[in-house]
Amino acid sequence: MMQNEYRYNRRFREYVDNYCKKHGCTVEEALTHELVRQAYQYYTET
């Protein structure tokens, strides 16, 4: 689900991309992190 949201939700994708740059991880790794899961819920609620 989060991978699909990453693909189609521009705001969530920008958040994940910035998170990856800041933490030096891949998108796949970032999608397993708790902060990214919380952001996913935030960006899908609005």
Side-chain angles (χ1 to χ4, degrees):
M1 291 288 274
M2 285 201 302
Q3 292 170 340
N4 193 44
E5 196 69 23
Y6 177 80
R7 196 173 297 136
Y8 296 110
N9 184 329
R10 181 183 53 85
R11 291 174 58 218
F12 180 62
R13 184 173 52 248
E14 288 173 353
Y15 174 85
V16 174
D17 289 346
N18 288 332
Y19 183 91
C20 289
K21 288 177 189 172
K22 183 176 180 180
H23 291 83
C25 61
T26 66
V27 171
E28 291 77 21
E29 291 171 330
L31 294 179
T32 66
H33 294 183
E34 184 60 31
L35 283 174
V36 176
R37 290 176 194 251
Q38 291 173 3
Y40 166 75
Q41 290 180 342
Y42 173 78
Y43 285 115
T44 57
E45 287 177 356
T46 57

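Computed from a prediction, not measured in an experiment: that's the story for all the values here.
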Partners passing side chain to side chain donor-acceptor pair (under 3.5 Å) against Arg7 (at least two apart in sequence or in another chain): none
Any residue meeting side chain to side chain contact (heavy atoms under 4.5 Å, CB included) with Asp17, in chain and number order, not counting sequence neighbours: Tyr6, Arg13, Val27
Any pair counted as salt bridge (charged side-chain N to carboxylate O under 4.0 Å, His left out), so long as it reaches residues 19-38, sequence neighbours left out: none
Contact summary for Phe12 and Ala39, nearest pair of heavy atoms: CE1-C, 4.1 Å
Gln38, CD atom: more than 12 neighbouring heavy atoms under 6.0 Å: yes
Pairing residues for Asn18 by the side chain to side chain donor-acceptor pair (under 3.5 Å) criterion, not counting sequence neighbours: none
Hydrophobic cluster identity match, Val16 and Tyr8, side-chain contacts under 4.5 Å: no
Heavy-atom pair of closest approach, residues Met2 and Leu31: CE-O, 2.6 Å
Under the salt bridge (Lys or Arg N to Asp or Glu O under 4.0 Å) test, residues paired with Glu14 that sit two or more places apart: Arg10
All side chain to side chain donor-acceptor pair (under 3.5 Å) counterparts of Tyr15, not counting sequence neighbours: none
Partners passing side chain to side chain donor-acceptor pair (under 3.5 Å) against His23 (at least two apart in sequence or in another chain): none
Residue pair Tyr40 / Glu5, side-chain heavy-atom distance below 4.5 Å: yes
